[in-house]
Amino acid sequence: MPKKENANDILEKYDRESTYRKKIGKWAWVVTFLGISLTLFHLYTAYFGTLPTQQQGAIHLGTALGIIFLLFPVKKGLQKKQTTVPWYDVIFAFTAMYVTYHKIIFFDSILQSRISGYATTDIFISILGILLLLEATRRTVGLPIVIVASVAILYTYFGNFIPGKILSHPGFSANQIATNLWYQESGVFGTPIQISAKFIFLFLFFGVLLVHTKIGQFFNDLALAITGRFTGGTAKTAVVASALQGMVSGSSVGNTVASGSFTIPMMKRSGFKPEFAAATEATASTGGQIMPPIMGAAAFIMMEYIGVSYGTIMLAAVIPALLYFSGIFIGTHFEAKKFGVIGLPKADLPSFKKLIVRDGYMIAPIFVIIGTIMIGFTPQRAALMGIVAAFIISLLRKDTRMGFRKILYVLEQGARVALPVIAAVGTAGVIAGAVSITGLGSKFAAGVIALSGGVLFFALFFTMIACIILGMGLPTTANYVVTATVAAPILINEFGVAPIAAHMFVFYFGIVADITPPVCLAAYAGAGIARANPFQSGMTAVKLAIAAFIVPYILVYNPILVMVDVTLVSIILAIITALVGMAAVSSSTIGFFIRHSYYWERLILFAAGLMLIIPNIVISLIGLVFLLGIWFIQKQRKDDSNDMGLGVS
């Protein structure tokens with residue numbers, strides 16, 4: 001049996017963001033000062049207006065790089081041995097801050113240099129800045145994204161030496177590459193870092209502030225009160241709690257460990273296998289990145305890439321997220337029926353009414369954000385209003401009220417939480433900049449078209465594989481930036497896919513890498529808590545998250561589910577048939593409907609589910625006939641006493 005690990009050990013093992021030095025001596029004051037200053041800077045500019053994009057991004061990235069080198073050691077594992085910041089990391093920290101602030105100090109001359117040519121000092125600083133960014137990203141996010149960025153830079157340099165005409169290009173000098181990536185808007189300080197500096201940081205800080213109002217415990221208790229008494233109630237609690245927490249957090253591994261410490265032991269005690277318990281929590285926690293209103297960090301970049309409002313993105317994400325979590329929820333029900341896992345006694349559950357009366361006000365900041373966006377304010381202003389509302393909420397109870405020291409601590413934590421995202425989007429900017437310089441996007445498009453033979457389905461399949469492979473090494477935000485830069489335009493320009501559907505497609509498949517073997521970090525983290533087999537947990541997670549592999553294709557072929565060309569009647573029918581379809585697909589993957597299913601029954605159920613999910617009335621009716629046929633066949637069979645009841649205990 002796997003060795004039992006505590007939550008901190010699991011986070012450090014699977015979550016690169018948690019491998020920071022816990023003891024840094026006197027340098028803790030410097031980290032605190034920089035962290036508080038960075039958060040206050042973003043709050044100030046959110047209210048009074050942002051600086052010019054290059055300057056805003058320079059303060060955002062430069063301060064983050066300084067904190068990263070003071071907190072994160074050069075090698076994973078040293079954080080437990082070092083009790084101060086080594087001299088070389090101090091040099092790296094302040095050098096990184098200087099080369100980035102250099103864009104602010106010499107802002108006007110750098111703008112002029114774009115025409116007259118960059119000085120030797122500017123070139124040296126740009127090279128040093130890129131190298132320090134890549135090293136900071138390696139420390140906070142991991143090596144794979146750095147390898148991808150390095151290959152992109154090498155491709156930009158060695159273009160003439162790439163065999164074949166498709167990938168070959170003239171090639172650029174080291175000076176041209178460095179200055180383009182560091183000083184131009186298409187590189188490090190391009191759209192991703194600009195969005196991070198304007199929106200993402202504020203929403204991440206909002207999440208930190210909500211954590212300190214103890215909203216996580218409220219979500220757990222609320223989910224248990226709603227679902228605990230039904231068949232497989234403990235697993236359903238995990239799904240609902242993770243869906244709720246996903247509204248304010250976008251970290252798959254972090255959500256898995258935070259929620260899983262509460263839900264996984266509870267699922268195991270009720271009768272679920274350890275692998276299933278781990279998979280349920282990991283799958284539900286991963287879905288936090290597609291759950292409105294925050295949807296991880298990538299949603300804000302999507303808004304800029306597509307050129308639509310954030311409210312439009314949120315609205316488009318609602319139904320796919322509903323289908324994703326419904327698929328997991330239904331899957332847990334069939335698994336519970338299959339193995340006879342009943343609900344918890346009502347006496348052991350918290351009172352829903354008392355929870356709402358006592359703690360219901362905690363969700364007010366989320367409604368403030370949604371309402372502020374829907375009436376037309378910018379996401380930046382909505383985040384600021386949500387932060388103010390969350391702070392006011394924290395004052396209402398003694399156990400959440402923050403004194404001066406606690407406020408300083410929360411301000412610092414706001415910066416710390418953002419560090420990996422800032423580093424990741426900066427490095428993603430390197431990749432996007434290389435694609436822009438070399439024209440790799442158009443060459444990649446030609447390759448995909450040739451490989452797919454111009455058939456949309458094959459183009460989608462190859463894009464899916466690319467997104468999943470990239471997602472195994474890149475965090476969701478960076479993965480989305482790369483695929484949105486390279487893959488999404490192909491689907492839009494060459495195959496006529498609706499822009500919102502194309503971007504949701506690459507977004508979804510970047511996310512599911514967290515639960516897709518062989519590199520499924522969220523499933524591995526859940527397995528660590530459950531003391532389960534990691535690979536089996538990952539395979540089970542794929543079965544539970546089957547909606548995430550099906551729905552994106554449906555969005556492309558019929559984008560009604562992302563609110564494109566929608567009418568009230570059509571969307572209601574699409575939702576109803578899709579939910580019934582998810583029930584059929586989940587039943588097929590679990591192997592239980594109203595009885596244990598034979599393999600041929602599972603195949604028919606899967607086909608019926610797909611037909612029901614497709615928003616076409618004729619196809620959906622055929623799927624319904626197949627589903628009712630299996631229901632009738634199993635109803636006549638007497639090999640199993642279980643039925644489809646809710647199983648209220």
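- Between the side chain of S586 and the backbone N or O of G327 there is at least one donor-acceptor pair closer than 3.5 Å.
- The CD1 atom of I515 lies 12.0 Å from the OG atom of S537; values are rounded to the nearest 0.5 Å.
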**Asked** Between F205 and V417, does a side-chain contact (heavy atoms from CB on, under 4.5 Å) hold up when you go through it step by step?
**Response** CA-CA 8 Å; F205 178 61; V417 166; over 6 Å; no
**Request:** Apply the test side-chain contact (heavy atoms from CB on, under 4.5 Å) to residues M539 and E275: give CA-CA distance (whole Å), side-chain angles for both, the deciding distance (0.1 Å), then the verdict.
**Result:** CA-CA 9 Å; M539 294 304 296; E275 287 76 16; over 6 Å; no
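- Using a 4.5 Å heavy-atom threshold, the side chains of I301 and F199 count as separate.
- Nearest approach of A608 to L627, heavy atoms of both residues: CB-N, 3.9 Å.
- Taking the six-membered ring for Trp and thresholds of 30 and 60 degrees, Y324 and Y508 have ring planes more than 60 degrees apart, a perpendicular arrangement.
- Heavy-atom contacts from other residues, nucleotides or ligands closer than 6.0 Å to CZ of F535 number 12 or fewer.
- Using modelled atom types, no side-chain atom of E281 and backbone atom of G526 make a donor-acceptor pair closer than 3.5 Å.
- Residue T237 holds its OG1 atom at 10.5 Å from CZ of R229, rounded to the nearest 0.5 Å.
- Between I290 and P320 there is no side-chain heavy-atom pair separated by less than 4.5 Å.
- Within the 3.5 Å criterion, the main-chain N or O of V566 finds no donor-acceptor partner in the side chain of S570.
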Ignoring hydrogens and angles, write down the donor-acceptor pairs under 3.5 Å from the side chains of residues 489-504, residues two or more places apart or on other chains.
unit_1 : atom_1 : unit_2 : atom_2 : d
N493   : ND2    : P489   : O      : 3.2
H503   : ND1    : Y480   : OH     : 2.7

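- Here the closest heavy-atom approach between residue P379 and residue M303 is recorded as CG-SD, 3.8 Å.
- When all heavy atoms of P192 and Y305 are compared, the pair lying nearest together is CG-OH, 3.9 Å.
- Between N220 and A241, the shortest heavy-atom contact is OD1-CB, 3.4 Å.
- The salt bridge (charged side-chain N to carboxylate O under 4.0 Å, His left out) analysis of residues 600-626, with sequence neighbours excluded, yields the pairs E601-R637.
- No side-chain heavy atom of Y557 sits less than 4.5 Å from a side-chain heavy atom of I614.
- A distance-only check finds no donor-acceptor pair linking the side chain of S285 to the backbone of A282 [under 3.5 Å].
- Within a 6.0 Å sphere centred on CE of M266, heavy atoms belonging to other residues, nucleotides or ligands number more than 12.
- Put simply, the side chain of T213 does not reach to within 4.5 Å of the side chain of L209, judged on heavy atoms.
- In F458, the CZ atom is not crowded: 12 or fewer heavy atoms of neighbouring residues, nucleotides or ligands sit closer than 6.0 Å.
- Note: T286 OG1 to I328 CD1 = 8.0 Å, rounded to the nearest 0.5 Å.
- The CZ atom of F606 sits 14.5 Å away from the CZ atom of F626 when rounded to the nearest 0.5 Å.
- Two rings, from F339 and F272, have their centers 6.0 Å or more apart.
- Between I356 and L222 there is a side-chain heavy-atom pair separated by less than 4.5 Å.
- A distance below 6.0 Å separates the ring centres of F509 and F505.
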**Request:** Report the C-alpha separation of I604 and Y598 in whole Å, then their side-chain angles, then the decisive distance to 0.1 Å, and conclude whether the side-chain contact (heavy atoms from CB on, under 4.5 Å) test is met.
**Result:** CA-CA 10 Å; I604 294 176; Y598 299 126; over 6 Å; no
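- Rounding to the nearest 0.5 Å places CG of L384 at 9.0 Å from OG1 of T378.
- Judged by distance alone, the side chain of T463 and the main-chain N or O of A459 form a donor-acceptor pair under 3.5 Å.
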**Message:** For I468 and F549: C-alpha separation, side-chain torsions, deciding distance, then whether side-chain contact (heavy atoms from CB on, under 4.5 Å) applies.
**Reply:** CA-CA 11 Å; I468 292 176; F549 293 89; 4.1 Å; yes
**Asked** Which is it for E304 and T191 under the side chain to side chain donor-acceptor pair (under 3.5 Å) test, yes or no, and what are the steps along the way?
**Response** CA-CA 8 Å; E304 291 295 314; T191 299; over 6 Å; no
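- The backbone N or O of F230 sits nowhere less than 3.5 Å from a side-chain atom of K236 that would complete a donor-acceptor pair.
- Between M563 and L315, the closest heavy-atom pair is CG-O, 3.9 Å.
- Pairing each heavy atom of P615 with each of L561, the nearest pair is CG-CG, 4.1 Å.
- Listed for the S436 side chain is no donor-acceptor partner under 3.5 Å among the backbone atoms of A432.
- Distance check: S259 OG to L244 CG gives 9.5 Å after rounding to the nearest 0.5 Å.
- Relative ring orientation between F206 and F203 is described as perpendicular, the plane-to-plane angle rising above 60° on a 0-90° scale split at 30° and 60°.
- In this structure, V562 and I319 have side chains that are not in contact, with every pair of non-hydrogen atoms separated by 4.5 Å or more.
- Side chains of I306 and T312 form no contact here, defined as non-hydrogen atoms less than 4.5 Å apart.
- Contact check for I546 versus M582: side-chain heavy atoms found under the 4.5 Å cut-off.
- Looking at residues two or more places apart in sequence or on another chain, you find a side-chain contact (heavy atoms from CB on, under 4.5 Å) between S587 and F334, F593, L605.
- Put simply, the residue from L202, I200, I313 that forms a side chain to side chain contact (heavy atoms under 4.5 Å, CB included) with F300 is I200.
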